[in-house]
S.K.: 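Take a look at the following structure, please.
We number each residue from 1, following the sequence as shown. One-based numbering, in listed order, for ligands and for the atoms of each. Below, all heavy atoms of this structure are taken into account, side chains as well, without hydrogens, waters or symmetry copies.
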Amino acid sequence: MSEIVIKKCDDYDYDNVKEGIYGILNQAQVCAKIKSGMNVVVKANLLSKKTPDQCVTTNPEVIRAVCEYIASCGAKAIITDSPAGPFNENALKAIYGATGMAMAAKNSGAQLNYDTSYKNVKLANAKTLDKIDIITSVVNADMIINVAKLKTHVMMTYTGAVKNLYGVIPGLTKAAYHMKLQEPDNFANHLIDICEFVKPDFSIIDGIHAMEGDGPNSGEKVEFGFLLGGSNPYELDSVASTMIGMKKTEVPTLVNAQKRGLVDDKNITIILDEEDEEYVAIDMDEFTEYVSILELKPFKKPKIASVNFLSGRVPKSIEKYLVEKSKSKPYFIKDKCIGCGHCVRNCPAEIIHIQDAKAVVDLSKCISCFCCHEVCPEDAVEIKVPFIAKMLFREKSGK
Ligand code: SF4
Ligand code: SF4
């Protein structure tokens, strides 16, 4: 039986955040697992050089509270991530500054990771790649606390605890793995393989302010008002995705985790902090009812088309054709592009180049991974849904 703890928290005022984070960690008795002198890696979501108000990265006050908690248990907290783009000291320094992590480390006494080495590790029982590179700080950690941001995601529909762990892959190697695993189900299994290797000791989702629409980099901010935590990252994602109105069948990591026996809603107990640390335990059915009573507004979905429902309904050859023709593609907005080249370096298919200080793409070889969309600092990459997909998936996209 796995427990997911949910705390209401409306803003990033540090006292409120600390109360929420300590409430979750104390309820889950995380301190009992932390031994004095341990190196505890705090895996933040530091996707790109965005400021906290842009809702792309884990908020620094959440990270600060987690790090202070670790210190209060006698261990050393090390803030870690391998953001999109090159994994080097200069890039990390810029991202730690912009995202507020430098301040979070200063205020909590935590260390910022600058070790950019990695290890090639074997993954037992992997469904995709059985040997991958993982950053050394994570491989060597005594304990890992995974602190994700709640967002929608153009390729994976949703990003929370499981997807956050893709940041243990060093820098541009992420693009190479994207190229090898182009289909959402393959990529979801790759994420699960990574999650099974990392096995975070505890996961937290920062959903105080979240992102809807075309996340994870250029969606819209939602003032959602919740912090969630649990030791099973799949079950934590199952609960969080329910809260934002997403069906399990829409989230490839949950679909595949279920097939692999890693998530079972019947096993989940949700612990709600009703008032003044009076906790109430309910099961997933009761929680679904509770969510409907709260009347939480479903998050806007990203502009991608789910093609799974075609399977078995039309002949295979037609299905293949429709799937191919319905794939969304990136659209580069010339006026917004500053020619920084982040998309060039992160495109797994190597089909983007800079011409006259603007990004130019050969879409005929595009694999629709949307890494370009994810890393663009100027929101200059939009997602274009083909007309045929709009017709086919009108009902599915909820528009
Ligand atoms: S599209 Fe975005 S990431 Fe690519 S060069 Fe232009 S501004 Fe940079
Ligand atoms: S152009 Fe963008 S979506 Fe297409 S393969 Fe390159 S990074 Fe992926």
S.K.: Any side-chain donor paired with an acceptor under 3.5 Å for Asp206 and Tyr12?
M.R.: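 The criterion, which ignores hydrogens and geometry beyond distance, is satisfied for Tyr12 and Asp206.
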
S.K.: Below 4.0 angstrom from a heavy atom of Phe370, which ligand 2 atoms are there? Numbered from 1 as shown, please.
M.R.: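 It comes down to these atoms of ligand 2: 3 (S), 8 (Fe).
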
S.K.: Which atoms from ligand 1 have a heavy atom of Ile354 less than 4.0 Å away?
M.R.: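 Going through ligand 1 atom by atom, the ones under 4.0 Å from Ile354 are 5 (S).
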
S.K.: Evaluate whether atom CD of Glu350 has more than 12 neighbouring non-hydrogen atoms of other residues, nucleotides or ligands under 6.0 angstrom away.
M.R.: no

S.K.: May I ask you to identify the nearest protein heavy atom to atom 7 (S) of ligand 1, giving residue, atom name and distance to one decimal place in Å?
M.R.: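 Protein heavy atom at minimum distance: Ile338 N, 3.4 Å.
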
S.K.: A quick test of your reading: do over 12 heavy atoms of other residues, nucleotides or ligands sit less than 6.0 Å from CE of Met38?
M.R.: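 Count over threshold, so yes.
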
S.K.: Do Cys347 and Cys372 have their SG atoms less than 2.5 Å apart?
M.R.: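 Not so, these two cysteines form no disulfide.
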
S.K.: For Arg260 and Lys127, what are the C-alpha separation, side-chain angles and deciding distance, and is it a side-chain contact (heavy atoms from CB on, under 4.5 Å)?
M.R.: CA-CA 10 Å; Arg260 291 167 72 164; Lys127 290 254 185 250; 3.4 Å; yes

S.K.: Among protein heavy atoms, which sits nearest to atom 4 (Fe) of ligand 1, and what does the distance come to when rounded to 0.1 Å?
M.R.: Cys343 SG, 2.3 Å

S.K.: For atom 2 (Fe) of ligand 2, which protein heavy atom lies nearest, and how many Å away is it?
M.R.: Cys372 SG, 2.3 Å

S.K.: If we only consider heavy atoms of Val344, is any one of them less than 4.0 Å away from an atom in ligand 1?
M.R.: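 In this structure, Val344 fails to qualify as a contact of ligand 1 - no heavy atom is under 4.0 Å.
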
S.K.: Just which atoms of ligand 2 are under 4.0 Å from any heavy atom in Val361?
M.R.: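 It comes down to these atoms of ligand 2: 1 (S).
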
S.K.: Do Val162 and Leu181 sit in one hydrophobic cluster, given that two such residues count as connected whenever their side-chain heavy atoms are within less than 4.5 Å of each other, even indirectly?
M.R.: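 Looking at the clustering, Leu181 is in the same group as Val162.
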
S.K.: Just to confirm my output: which protein heavy-atom neighbour is closest to atom 1 (S) of ligand 1, and how far is it?
M.R.: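 Heavy-atom neighbour on the protein nearest atom 1 (S) of ligand 1: Phe332 CD2, 3.7 Å.
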
S.K.: What closest approach, in Å, do Phe299 and Glu212 show between heavy atoms, and which atom pair accounts for it?
M.R.: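 What the structure gives for the nearest pair is CA-OE1, 3.5 Å.
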
S.K.: Within a distance under 4.0 Å of any heavy atom of Gly341, pick out the atoms of ligand 1 and give their elements.
M.R.: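 So the atoms of ligand 1 that pass are 5 (S), 8 (Fe).
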
S.K.: Can a donor-acceptor pair be found between the side chains of Ser48 and Asn217 at a distance below 3.5 Å?
M.R.: yes

S.K.: Would Val344 and Ile354 count as a side-chain contact (heavy atoms from CB on, under 4.5 Å) here? Give the steps.
M.R.: CA-CA 8 Å; Val344 177; Ile354 301 293; 3.8 Å; yes

S.K.: Could you list the atoms of ligand 1 found under 4.0 angstrom from a heavy atom of Gly339?
M.R.: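 Under 4.0 Å from Gly339, ligand 1 has these atoms: 5 (S), 6 (Fe).
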
S.K.: Can you pull out the closest protein heavy atom to atom 8 (Fe) of ligand 1? Residue, atom name and distance to 0.1 Å, please.
M.R.: Cys340 SG, 2.3 Å

S.K.: Is there an N/O/S atom in Cys337 that lies less than 2.8 Å from atom 6 (Fe) of ligand 1?
M.R.: yes

S.K.: Which one of Pro330, Cys347, Ala175 has a non-hydrogen atom at the shortest distance from atom 6 (Fe) of ligand 2?
M.R.: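 Looking at heavy atoms only, Cys347 sits closest to atom 6 (Fe) of ligand 2.
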
S.K.: Please write down residue, atom name and distance for the protein heavy atom closest to atom 5 (S) of ligand 2.
M.R.: Ile367 N, 3.5 Å

